[in-house]
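Structure first, then comments.
These numbers come from a predicted model, not from an experiment. One-based numbering, in listed order, for ligands and for the atoms of each.
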Amino acid sequence: MKIAIVTGASSGMGREFVRQLDKCMQTIDEIWVIARRVDKLESLKEEVSNIPIRVLALDISKKKDITTFSNMLAAEKPEVRLLVHSAGVGYAGRFDEVLRADAEEMTVVNDVAVVLITHVLLNYMTCPSNIIILASASAFLPQKEFAIYAASKAYILSFSRALNAELKNKGVCVTAVCPGPVDTEFLNKCNDGRKEKLLKKLVKVKPEPVVKKALIDAKAGKDISVYGIPMKLVHIASKILPSSLMLKFM
Ligand SMILES: NC(=O)c1ccc[n+]([C@@H]2O[C@H](COP(=O)([O-])OP(=O)(O)OC[C@H]3O[C@@H](n4cnc5c(N)ncnc54)[C@H](OP(=O)(O)O)[C@@H]3O)[C@@H](O)[C@H]2O)c1
């Protein structure tokens with residue numbers, strides 16, 4: 001059985017990946033969708049019509065759920081053609097104000113879970129196949145009042161690019177997606193009642209074009225996907241300007 005797996009499929013970009021895959025990836029037998037909110041995952045079945053959906057209610061921050069997932073794969077032995085890591089969390093605020101539990105959740109969900117799930121799934125990835133990892137434009141530079149999140153995304157961007165270099169010859173392409181602010185539940189949760197910064201408001205985009213570009217870039221074998229001129233400029237600036245200057249500007 002040939003499958004695609006999407007984590008964080010209950011909302012935002014993960015959900016949009018499932019919708020777009022249903023239209024463009026007709027060669028797979030099932031899409032396995034992962035998140036904690038089962039009702040949201042189940043409701044995806046009403047939105048997609050071409051490819052059957054299999055709902056996996058997993059909390060990827062829990063090692064026991066990763067083990068459950070690993071056992072399930074061992075029993076089913078699917079051929080994984082596409083893995084999308086879209087689950088992620090972010091909490092803004094000064095480091096000394098961020099709750100310890102939130103700090104831990106950011107590093108576990110954004111980094112540890114991505115590494116563990118990729119490790120588990122690598123044995124089932126067939127050639128050719130793709131891994132898409134939702135990093136962020138926050139990965140390009142350290143960010144005040146978003147220090148843990150930006151660091152967690154810098155970690156995953158580095159991991160993604162190195163993994164791509166390692167797996168290229170095996171026919172597995174790894175693409176890191178680095179959007180700026182995207183209009184999803186994520187922004188509301190991360191702002192937690194704080195006023196959205198004007199710069200973020202101005203460059204905020206919808207999930208659809210970000211996901212569309214990510215799928216095109218992954219198909220083209222790119223190791224990084226950056227949507228929109230503002231984020232492309234941030235990417236270039238982060239390569240040529242010192243971080244201290246960028247930190248001041250941000
Ligand atoms: N939105 C932005 O501005 C933005 C910008 C750059 C990068 N990103 C990154 O893009 C990715 C997708 O974000 P989004 O904007 O689509 O956010 P979103 O709408 O909040 O979706 C996040 C998804 O992650 C899942 N998730 C969170 N914790 C989980 C856990 N412990 N176990 C399983 N699933 C979990 C959520 O599902 P449940 O709650 O149902 O478990 C949800 O489906 C994230 O990695 C985010 O960091 C977002």
Side-chain angles (χ1 to χ4, degrees), residues 5-20 32-44 53 55-66 68-69 83-92 101-102 104-118 131-141 143 146 148-157 159-160 175-192 196-197 199-211 213-214 224-228 230-231 234-235:
I5 300 180
V6 181
T7 75
S10 63
S11 79
M13 286 184 273
R15 198 172 182 92
E16 182 56 27
F17 268 106
V18 178
R19 287 193 200 104
Q20 294 196 21
W32 292 13
V33 294
I34 298 177
R36 291 163 300 179
R37 286 171 294 173
V38 188
D39 53 331
K40 296 257 180 190
L41 292 177
E42 286 291 346
S43 68
L44 261 171
I53 296 286
V55 168
L56 307 185
L58 299 171
D59 181 339
I60 61 165
S61 69
K62 303 250 183 318
K63 281 217 176 104
K64 71 168 179 38
D65 282 20
I66 304 278
T68 305
F69 182 50
L83 163 62
V84 180
H85 287 286
S86 193
V89 287
Y91 301 102
D102 292 347
E104 187 178 0
E105 190 186 352
M106 275 187 272
T107 49
V108 173
V109 176
N110 298 354
D111 295 331
V112 178
V114 176
V115 171
L116 294 183
I117 290 173
T118 308
I131 300 176
I132 295 176
I133 301 182
L134 266 290
S136 166
S138 303
F140 300 151
L141 67 160
Q143 257 183 279
F146 216 13
I148 307 166
Y149 179 78
S152 78
K153 293 299 181 179
Y155 172 101
I156 217 62
L157 175 59
F159 168 69
S160 180
T175 307
V177 183
C178 298
V182 184
D183 194 3
T184 66
E185 283 178 17
F186 174 91
L187 284 185
N188 301 335
K189 278 189 232 158
C190 112
N191 288 332
D192 194 24
E196 200 174 9
K197 285 185 179 156
L199 185 64
K200 275 198 174 172
K201 245 187 207 168
L202 288 174
V203 296
K204 188 163 69 179
V205 295
K206 294 281 175 202
E208 291 83 355
V210 178
V211 168
K213 178 159 173 51
I224 188 161
S225 176
V226 183
Y227 174 77
M231 289 313 125
V234 172
H235 190 205

Glu105 CD to Asn110 CG distance, which is reported to the nearest 0.5 Å: 8.5 Å
Heavy-atom side-chain contact between Ile224 and Leu157 under 4.5 Å: yes
Sidechain N-carboxylate O distance under 4.0 Å for Glu185, Arg37: yes
Crowding at NZ, Lys213 (>12 non-hydrogen neighbours, <6.0 Å): yes
Amino acids in close contact with ligand 1, where any non-hydrogen atom sits under 4.0 angstrom away: Gly8, Ala9, Ser10, Ser11, Gly12, Met13, Ala35, Arg36, Arg37, Leu58, Asp59, Ile60, Ser61, Ser86, Ala87, Gly88, Val89, Val109, Leu134, Ala135, Ser136, Tyr149, Lys153, Pro179, Gly180, Pro181, Val182, Thr184, Glu185, Phe186, Leu187, Lys189
Candidate list Ile131, Ile133, Thr118, Val114, test side-chain contact (heavy atoms from CB on, under 4.5 Å), partner Ser160, passing option: Ile133
Exceeds 12 heavy-atom contacts within 6.0 angstrom, atom NZ of Lys197: no
